[in-house]
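These numbers come from the heavy atoms of this one structure, side chains and all, not from hydrogens, waters or symmetry mates.
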Amino acid sequence: MSTDTTTKTPEPAAVPAPGAAPEKKRVSQGHRRLLTRRDRITLALMAGVPTVLHVILVWFTALASILLAFTTWDGIGFDSIKWVGLDNFRQLFTDNPQFWPAVQHNVIWFVALILIPTPFGLFLAVQLDKRIRFSRVYQTAYFLPVVLSMACIGFVWQLVYNPDTGLINSIIGANKPGHYIDWIGDPDLNLWAVLIAASWRHAGYMMILYLAGLKSVDPSLREASALDGANEWQTFKNVIFPTLRPTNTVVLVVTIIEALRAFDLVFVFNKGAQGTELLSILVTNNIIGESSRIGYGSAIAVVLLVISLAVIIPYLIATFRKERRA
């Protein structure tokens with residue numbers, strides 16, 4: 001009885017052909033060629049140009065405005081810049097009859113946007129979140145004013161408030177001689193008329209923000225609340241609304257910014273005169289008005305910046321601390 005034993009000899013390793021480059025070198029060379037010189041130049045331009053423009057147009061101008069607030073300058077030649085310290089602020093707080101009414105109007109603007117269009121935008125978002133029929137059409141209709149510029153909205157509402165042919169006066173019969181209601185020229189009415197136009201746009205903005213927040217709510221929370229026997233209002237008050245805290249933070253910050261930077265709508269209506277004075281209007285009138293007072297206008301802009309930061313920063317700090325503790 002015999003057994004055949006076979007032995008396997010290892011096959012010789014493949015020898016690369018003469019003149020052929022090793023595979024590893026080709027891979028590394030390929031990695032090296034992922035970004036060519038032209039690609040690097042293109043990326044540098046795409047990232048560098050917006051950064052430079054942002055620094056020049058935002059940060060440099062903001063710092064320049066802060067420095068110019070302590071000077072007097074008519075805008076003609078840098079040799080005419082003179083350091084005056086706090087004289088611009090002293091004159092602003094004591095000798096300018098339009099400053100404190102402008103501050104009051106900005107505060108009224110913020111309170112009106114918080115109390116009227118913000119809850120209405122939340123109401124619209126809650127209704128559209130129920131997936132009713134034609135919800136996309138309603139979203140488009142309510143969000144359309146946000147897409148329009150404030151100047152266009154001002155021209156539209158000028159037609160609505162026109163004393164002779166305006167929609168409102170035509171409906172209530174106040175477009176006849178002796179019965180005119182001048183919604184824009186009357187100092188007791190024009191600020192509220194402008195706020196209605198601003199609220200028309202702001203409600204659509206708030207609707208989109210809250211609708212995005214409602215879409216991120218976990219559906220299991222609604223189901224658990226329904227199983228516990230809570231009705232629709234109790235579910236919203238105790239379950240849904242507390243989860244919208246991050247959205248409420250964004251809404252508050254956006255509303256503060258909208259109230260402080262309000263300019264286009266008022267300027268189109270009546271250039272900020274006769275009861276519609278705002279801080280942004282005062283800044284523009286002093287910087288690019290007939291008598292250019294860039295230092296004085298910059299002082300008003302610094303006050304506007306301080307007011308916005310004094311309101312936004314403490315609220316954000318308190319909100320972030322609560323989130324960290326939670």
[atom1]/[X] to [atom2]/[Y] distance, rounded to the nearest 0.5 angstrom?
| X | Y | atom1 | atom2 | value |
| --- | --- | --- | --- | --- |
| Leu159 | Ile168 | CG | CD1 | 11.5 Å |
| Ile240 | Arg222 | CD1 | CZ | 4.0 Å |
| Leu122 | Phe241 | CG | CZ | 6.5 Å |
| Asp186 | Ile181 | CG | CD1 | 9.5 Å |
| Thr255 | Ile114 | OG1 | CD1 | 4.0 Å |
| Ile256 | Ser308 | CD1 | OG | 8.5 Å |

Mark yes or no for whether [X], through its side chain, and [Y], through its backbone, hold a donor-acceptor pair below 3.5 Å.
| X | Y | value |
| --- | --- | --- |
| Asn169 | Tyr161 | no |
| Asp218 | Leu221 | no |
| Ser280 | Ala262 | yes |
| Asn88 | Thr71 | yes |
| Asn106 | Leu279 | yes |

Residue pair [X] / [Y]: nearest heavy atoms and the distance that separates them:
| X | Y | result |
| --- | --- | --- |
| Leu67 | Trp83 | O-CZ3, 4.3 Å |
| Val268 | Ala151 | CG2-CA, 3.9 Å |
| Ala197 | Leu265 | CB-CD2, 3.9 Å |
| Phe99 | Leu282 | CA-CD1, 3.9 Å |
| His54 | Trp59 | NE2-NE1, 3.1 Å |
| Gln127 | Ile132 | O-CG2, 3.9 Å |

Treat each ILVMFWY residue as a node, draw an edge where side-chain heavy atoms are under 4.5 Å apart, and state whether [X] and [Y] are in one component.
| X | Y | answer |
| --- | --- | --- |
| Leu278 | Val306 | no |
| Leu309 | Val303 | yes |
| Leu113 | Val253 | no |
| Ile108 | Val111 | no |
| Ile196 | Val160 | yes |

Heavy-atom side-chain proximity of [X] to [Y] below 4.5 angstrom:
| X | Y | value |
| --- | --- | --- |
| Thr118 | Tyr210 | yes |
| Ile312 | Ile257 | yes |
| Phe263 | Thr284 | yes |
| Leu189 | Asp182 | no |
| Asn96 | Tyr296 | yes |
| Arg201 | Glu258 | yes |
| Phe120 | Ile116 | no |

Under 6.0 Å from the CZ atom of Phe93, do we count more than 12 heavy atoms belonging to anything else shown? yes

Is the number of heavy atoms from other residues, nucleotides or ligands under 6.0 Å of Lys215 NZ greater than 12? yes

Could you walk me through whether Phe236 and Asn231 satisfy the side chain to side chain contact (heavy atoms under 4.5 Å, CB included) test, starting with their C-alpha distance in whole Å, then the side-chain angles of each, then the deciding distance to 0.1 Å, before giving a yes or no? CA-CA 9 Å; Phe236 174 78; Asn231 56 30; over 6 Å; no

Would you please classify the geometry between the [Y] ring and the [X] ring as parallel, tilted or perpendicular, with 30° and 60° separating the classes?
| X | Y | result |
| --- | --- | --- |
| Trp157 | Trp200 | perpendicular |
| His202 | Tyr205 | perpendicular |
| Phe70 | Phe89 | tilted |

Under the criterion side chain to side chain contact (heavy atoms under 4.5 Å, CB included), I'd like the reasoning laid out for Lys130 against Glu232: C-alpha separation, chi angles, the key distance, then a yes or no. CA-CA 11 Å; Lys130 298 178 181 179; Glu232 186 175 355; 2.6 Å; yes

Please test Val254 against Met206 for side chain to side chain contact (heavy atoms under 4.5 Å, CB included), starting from the C-alpha separation and ending with a verdict. CA-CA 9 Å; Val254 168; Met206 297 298 100; 4.1 Å; yes

Under 3.5 Å, is there a donor on one side chain and an acceptor on the other for [X] and [Y]?
| X | Y | answer |
| --- | --- | --- |
| Thr36 | Asp39 | yes |
| Asp164 | Tyr180 | yes |
| Thr276 | Asn270 | yes |

Tell me, with the steps shown, if Trp183 and Trp192 meet side chain to side chain contact (heavy atoms under 4.5 Å, CB included). CA-CA 9 Å; Trp183 299 96; Trp192 306 107; over 6 Å; no

